[in-house]
Number of protein chains: 2
Amino acid sequence: MVQKPTPIREQTRAVVRSLLAQTALELFAAKGYDDTTVEEVAAAAGVSRRTLFNYFRSKEDLALGGISEQGELIAARFAERPADEDPWASLRAAFRVLEEIETTAERRLEVVTILFGNESLRPGHAEKQARWQDLLAPLIEPRLPDSGRRAFEARAIAAAAITCLQAALEEWVRRGGRVDLFELYDTAVQAIRRLA
Amino acid sequence: MVQKPTPIREQTRAVVRSLLAQTALELFAAKGYDDTTVEEVAAAAGVSRRTLFNYFRSKEDLALGGISEQGELIAARFAERPADEDPWASLRAAFRVLEEIETTAERRLEVVTILFGNESLRPGHAEKQARWQDLLAPLIEPRLPDSGRRAFEARAIAAAAITCLQAALEEWVRRGGRVDLFELYDTAVQAIRRLA
DNA sequence: CACTGATGTGCACTGCGTGCAAGTCTCTGC
DNA sequence: GCAGAGACTTGCACGCAGTGCACATCAGTG
């Protein structure tokens, strides 16, 4: 019988992973992303550098990994939406899961600021964007009218929506979190969809 | 008097830079981006590794640098468009400069395939996307109705248009260049702007 | 022809990421 | 309860990207 593949192992593994991500964020916040070495993060968390790389593929992954599973959350929420809802409405609703993640407002601002304020992390965002796109596009596709290019259109819509969210997040950080994120998102979506 | 800052110097510099980019592309095409070291490119071009880094900031820059000035071309073309034209129409027209760049069709496909087919270069595309956004947004802004958020809206539009172009390019590569790029672009734009 | 400044180049160094070969710990079957 | 299979940790040694520095070299100037 193979019930739980092993509780303890996986449990500690999750804990360590979480600890590492936590420690990393603190150091990044204190010293900046570029001026923090992986070595330091590992030391601060009490593991070896090599071990850290057993948990995270890269330094970027270390920074963004904590929020990497958000893509799945969004996709899951999207899938729950009624099948005849407008894709854009579903996307907006799906993105809202980001607000439901348990954390304080200041902490969220802090994290997002680190993640978006740093030049070196843009690659990571691109990576994330691509993954989200891959997750969402297949869900959007069946909602579009048959056109022979639905798959491509679905990708475009997913990409555009994510881009709007990205733009909204950047602006949100720029304004120190003093505006409602989804108000910005709506502004962005309206701006691109409004015919001149 | 400081007329021409020096013809010869800058001339050779441009030649060497071009040669390096060329050599790099050939090697990337032959061995793949990840399996080609900067060392090899430098050697093949007959310069030292260190010198290569005097011409290009990074390996990525080496791959994408050849097309990095495209952003300025696009922005310049956009600026030439009539001020009362719909931003989306201007953007489309501006993007068309990409077709005017002198090169054979196969060569273009080859280059774009290398550049878009490789995972490791996504960061570079993100970089490019960001730069184009910074160039285009300020030009779009004055064309929008006053709303108190024009700057943000302009960024969103620029980002979305670039995203559509990106999506179109990816699809274009996926189909082996056998479709018209701007037909794909139009499909993408229509897909995101069409109200349900 | 000597001078200045820009460029080419070697060298050493930091940091990321990986393969390998121990050693250590956890669960399993006996 | 114990021995062995298998996973996790860790150190070590690489390779590669990118940078700072010092020295050599070469184009252009008076």
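First the proteins, then the strands, lettered A, B, ... as listed; each starts at 1.
- What separates CG of L62(B) from P of dC16(D) is a distance of 16 Å, to the nearest Å.
- Considering only side-chain atoms of S58(B), the nucleotide from dG18(D), dT18(C), dT7(C) that sits closest is dG18(D).
- When distances are taken from the side chain of T37(A) to each of dC16(C), dG17(C), dG8(C), the shortest belongs to dC16(C).
- Side-chain proximity of V47(A) to dT9(C), dT10(D), dT9(D): nearest is dT10(D).
- Taking both residues in full, the closest heavy atoms of A159(A) and T163(B) are given as CB-CG2, 3.3 Å, listed atom of the first, atom of the second, then distance.
- Nearest nucleotide to the R13(B) side chain, out of dT18(C), dG10(C), dT7(C): dT7(C).
- Rounding to whole angstrom units, CD of residue E60(B) and P of dG18(D) are separated by 8 Å.
- Between the P atom of dC21(D) and the CZ atom of R50(B) lies a distance of 11 Å, rounded to the nearest Å.
- Annotation: cation-pi geometry not satisfied between R92(A) and F182(A) (NZ/CZ under 6.0 angstrom from ring centroid, within 45° of ring axis).
- Rounded to an integer number of Å, the gap from L52(B) CG to dC16(D) C1' is 14 Å.
- Taking atom CD of residue E40(A) and atom P of nucleotide dT14(C), one finds them 13 Å apart after rounding to whole Å.
- The side chain of S48(A) has dT10(D) as its nearest neighbour among dG10(C), dG18(D), dT10(D).
- Counting any heavy atom pair closer than 4.0 Å across all strands shown, Y55(B) reaches sugar-phosphate atoms only and no base atom.
- In this structure, F28(A) atom CZ and dG15(C) atom P are separated by 14 Å, rounded to whole Å.
- Within the 3.5 Å criterion, the main-chain N or O of E85(B) finds a donor-acceptor partner in the side chain of R143(B).
- Rounded to a whole Å, the CD atom of Q11(A) is 14 Å from the C1' atom of dT26(C).
- Heavy-atom distances to DNA chain D give each of R49(A) and N54(A) a nearest nucleotide, and the one nearer the 5′ end belongs to N54(A).
- The cluster map of Ile, Leu, Val, Met, Phe, Trp and Tyr, joined by side-chain heavy atoms under 4.5 Å apart, puts V189(B) and L169(B) in the same cluster.
- In this structure, D61(A) places its CG atom 11 Å from P of dT18(C), rounding to the nearest Å.
- Proximity of T51(B) to the phosphate of dG8(C): no side-chain N or O atom is located under 4.0 Å from OP1 or OP2.
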